[in-house]
Amino acid sequence: MPELPDVELFKQYIDATSLHQKIDTVTVKNETILKGITAGNLKEKLEGKTFNCSRRHGKFLFVCIDTTSWLALHFGMTGFLKYFKRMEKESDHARLLFSFTNGYHLAYDCQRMLGKIQVIEDIAQFIKKKNLGPDPLDPDFEIDTFRRQLDGRKGMIKPTLMNQQIIAGIGNIYSDEILFQAKIHPKQAVSDLSNEKIENLFRHIRSVLESAISYHADPEKFPEWFLLPHRHKNGNCPKCHTTIKKITVSQRSSYYCPNCQKQ
DNA sequence: ACATTGACCTGAGAGC
DNA sequence: TGCTCTCAGGTCAATG
């Protein structure tokens, strides 16, 4: 689930539920999701503190603890957050639990444990160290930046869009949606894209991600012209009704319309 | 420097 | 019912 739109919604969720609440206890249920910090040190670092603000870059969510530290959350393939009061409402794979003094809890749930939580000192430094590309919803991300990022690339467009070092936040699902809206075949070589195609692609990156957030990243609420609700076996293209095709592109399944997205 | 591959995890669902 | 196999929206290190 967690690509940029999902993580943006997690941010809104944490802002609406967990900011400005005193953390009473931190329970680490599975230490594998911690990176660079032990359960004991994390407890020590957080208990008695308050989450004051949050930020997002690509698929990372940052929650500030104090002036010199942030909690950096990554959700892997199956991570999400859940805020609840009664313990029987706790989700099945809660790996980390923040219990606030108001009696509520915030769980970090991650079934496959591919997500990671760490404590960092500086977001800009973290982004630089990971070599993350620009966030496509950042107002400073403009067409010229995008062109520069694609310059010299020889690979296929889909894996390029999913490369976090080129643009941060797009995964398997939304790359399919963006390419569908931009009418580009997932295997199209980046070097073969015309200027016009690149501009069009740039526009669709923003519009798809923004729309997805506004529809709560829920395929059931997506408008009819989205590919996502039809992105399955025997699905039909919402534009021309051709049967959606499934292929493998760099080891990930890709769905596209063979009529609208010609190579 | 860039592109591609396999490994890392767990569990749901399909097929037998 | 129970077993096995495949697949899943993530990255990362190692290889060509």
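Every value quoted in this text rests on a predicted model; they were computed, and no experiment measured them. Numbered from 1 within each chain, the chains take letters A, B, ... in sequence-line order.
A heavy atom closer than 4.0 Å to some atom of DNA chain B occurs in A/Gln251, these being the qualifying members of residues 244-263 of chain A. Looking at residues 153-168 of chain A, you'll see A/Gln164 sit with a heavy atom under 4.0 Å from some atom of DNA chain C. Residues of residues 111-127 of chain A having a heavy atom closer than 4.0 Å to DNA chain C, listed by number: A/Arg112, A/Leu114.
Among all heavy-atom pairs drawn from A/Ser254 and A/Asp176, the shortest one is CA-OD2, 3.5 Å. Shown here for A/Lys59 and A/Phe75, the closest heavy-atom pair between the two residues is O-CD1, 4.3 Å.
Side-chain atoms of A/Ser69 and A/Asp66 include a donor-acceptor pair closer than 3.5 Å. Using a 3.5 Å distance cut-off with no hydrogens or angles, the side chains of A/Asn102 and A/Lys22 do not pair a donor with an acceptor. Judged by distance alone, the side chains of A/Gln181 and A/Lys239 do bring a donor and an acceptor atom under 3.5 Å apart.
When the salt bridge (Lys or Arg N to Asp or Glu O under 4.0 Å) test is applied to A/Arg112, no partner is found at least two apart in sequence or on another chain. Scanning for salt bridge (Lys or Arg N to Asp or Glu O under 4.0 Å) contacts around A/Glu210 gives an empty result, with sequence neighbours left out. For A/Asp135, the salt bridge (Lys or Arg N to Asp or Glu O under 4.0 Å) partners are A/Arg56, not counting sequence neighbours. Qualifying ring-ring contact (aromatic ring centres under 6.0 Å, His included) partners for A/His204, counting only residues two or more places apart in sequence or in other chains: none.
On the P atoms, B/dA14 is 16 Å away from C/dG9, given to the nearest whole Å. Rounded to whole Å, the separation between the P atoms of C/dA14 and B/dC9 comes to 15 Å.
Protein chain A contacts DNA chain B from B/dC2 to B/dG11, reading 5' to 3' and using non-hydrogen atoms of the protein with a distance under 4.0 Å.
Within the 4.0 Å cut-off from OP1 or OP2 of C/dT11, at least one side-chain nitrogen or oxygen of A/His74 is found.
With rounding to whole Å, A/Arg231 atom CZ is found 14 Å from C/dC7 atom P. The separation between A/Asn131 atom CG and C/dC12 atom C1' is 14 Å, rounded to whole Å. Rounded to whole angstrom, the span from the NZ atom of A/Lys129 across to the P atom of C/dT11 amounts to 18 Å. Between the NE2 atom of A/His232 and the P atom of C/dG9 there is a distance of 14 Å, rounded to whole Å. Atom CD in A/Glu220 sits about 17 Å away from atom P in C/dG9, given to the nearest Å. Computed from coordinates, the A/Tyr174 OH to C/dG10 C1' distance equals 15 Å when rounded to whole Å. C/dA8 atom C1' lies 12 Å from atom CD of A/Glu3, rounded to whole Å. In this structure, A/Lys130 atom NZ and C/dA13 atom C1' are separated by 12 Å, rounded to whole Å.
A/Phe180 forms part of a hydrophobic cluster together with A/Leu227, A/Ile244, A/Tyr255, judged by ILVMFWY side-chain heavy-atom separations under 4.5 Å.
Every stem involving DNA chain C, taken as at least 3 paired positions in a row under the Watson-Crick or G-U wobble test at 3.5 Å, is listed here: B:2-8 with C:10-16, B:10-16 with C:2-8.
Residue pairs that meet the side-chain hydrogen bond (donor to acceptor under 3.5 Å, both in side chains) test with at least one member in residues 27-42 of chain A, sequence neighbours left out, are A/Lys29-A/Glu90, A/Asn30-A/Thr32, A/Thr38-A/Asn41. Residues in residues 86-107 of chain A take part in these ring-ring contact (aromatic ring centres under 6.0 Å, His included) pairs, two or more places apart or across chains: A/Phe51-A/Phe98, A/Tyr83-A/Tyr104, A/Phe84-A/His105.
No chain of hydrophobic side-chain contacts below 4.5 Å, direct or via other Ile, Leu, Val, Met, Phe, Trp or Tyr residues, connects A/Phe60 to A/Leu161.
The existence of a salt bridge linking A/Asp151 and A/Arg147 is excluded, since no basic side-chain nitrogen approaches an acidic carboxylate oxygen closer than 4.0 Å. Checked for salt-bridge contact, A/Lys82 and A/Asp109 miss the test: no charged N lies under 4.0 Å from a carboxylate O.
A/Phe141 and A/Phe202 have tilted rings, their planes meeting at an angle from 30° to 60° on a 0 to 90° scale.
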